[in-house]
Amino acid sequence: KKVGVKEVVFDSPVKDIQWAGKDFSTVFVQSTKGRLYMSNLELSSPWQDITDDLRVRAASTAATFDEGTVIDSVSVSPADPKVVL
């Protein structure tokens, strides 16, 4: 069986990795600078920096999430692996 390897460069070293989703194929990587990246291994999707997407979503709620805000921690709900906190 062939295995493919792709190099990925994040903005800084990896602080945390969380596996989520029904079959744990969605991976979240938090960098030490507070950026959040996501990829779906089942779909072979490329890594995406979703930090700015979170800012846009927060702007549509009562939450404050300005440009200087960073991700402090990421966790997957033990009750439902499709929920990421």
Side-chain angles (χ1 to χ4, degrees):
K1 186 172 182 178
K2 292 185 178 184
V3 176
V5 177
K6 294 181 183 178
E7 179 181 14
V8 177
V9 178
F10 298 119
D11 69 307
S12 58
V14 172
K15 178 179 178 181
D16 191 16
I17 300 173
Q18 294 287 325
W19 301 82
K22 185 178 82 173
D23 54 1
F24 296 98
S25 63
T26 301
V27 183
F28 291 90
V29 170
Q30 177 189 2
S31 75
T32 58
K33 287 187 178 179
R35 304 295 295 182
L36 187 62
Y37 299 86
M38 180 184 80
S39 179
N40 186 297
L41 302 178
E42 187 174 288
L43 302 175
S44 298
S45 65
W47 286 98
Q48 298 176 329
D49 182 343
I50 62 170
T51 311
D52 294 331
D53 295 340
L54 296 175
R55 285 190 186 111
V56 171
R57 290 181 186 189
S60 66
T61 69
T64 57
F65 201 125
D66 63 30
E67 194 140 333
T69 303
V70 295
I71 306 301
D72 184 55
S73 65
V74 179
S75 61
V76 177
S77 168
D80 185 352
K82 295 179 280 182
V83 176
V84 178
L85 311 167

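Basis for what follows: all heavy atoms, side chains included, without hydrogens, waters or symmetry-related copies. In this text the structure is predicted, and so the values were computed from the model without any measurement.
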(request) Go through the structure and list residues passing side chain to side chain contact (heavy atoms under 4.5 Å, CB included) with V8, not counting sequence neighbours. (result) F10, W47
(request) List in chain and number order the residues that pass side chain to side chain donor-acceptor pair (under 3.5 Å) with D11, two or more places apart in sequence or in another chain; answer none if no residue qualifies. (result) S31, Y37
(message) Once salt bridge (Lys or Arg N to Asp or Glu O under 4.0 Å) is applied, what residue pairs with a partner in residues 30-50 remain, sequence neighbours excluded?
(response) R35-D49, R35-D52
(request) Can you sort out the partners of T32 under side chain to side chain donor-acceptor pair (under 3.5 Å), two or more places apart, ordered by chain and number? (result) S12
(request) Let me know which of V29, I50, D53 forms a side-chain contact (heavy atoms from CB on, under 4.5 Å) with L36. (result) I50
(message) Between S39 (side chain only) and S45 (backbone N and O only), is there a donor and an acceptor less than 3.5 Å apart?
(response) yes
(message) Please list all pairs meeting side-chain hydrogen bond (donor to acceptor under 3.5 Å, both in side chains) that have one or both residues in residues 14-26, counting only residues at least two apart or in different chains.
(response) D16-Q18, D23-S25, T26-N40
(message) Let me check something: do F28 and I17 share a hydrophobic cluster, defined by ILVMFWY side-chain heavy atoms less than 4.5 Å apart, either directly or through other members?
(response) no
Cut-off 3.5 Å, no hydrogens considered: what does the side-chain donor-acceptor table look like for residues 76-85, sequence neighbours left out?
residue: S77; atom: OG; partner: A79; partner atom: N; Å: 3.2
residue: S77; atom: OG; partner: D80; partner atom: N; Å: 3.3
residue: D80; atom: OD1; partner: K82; partner atom: N; Å: 3.0

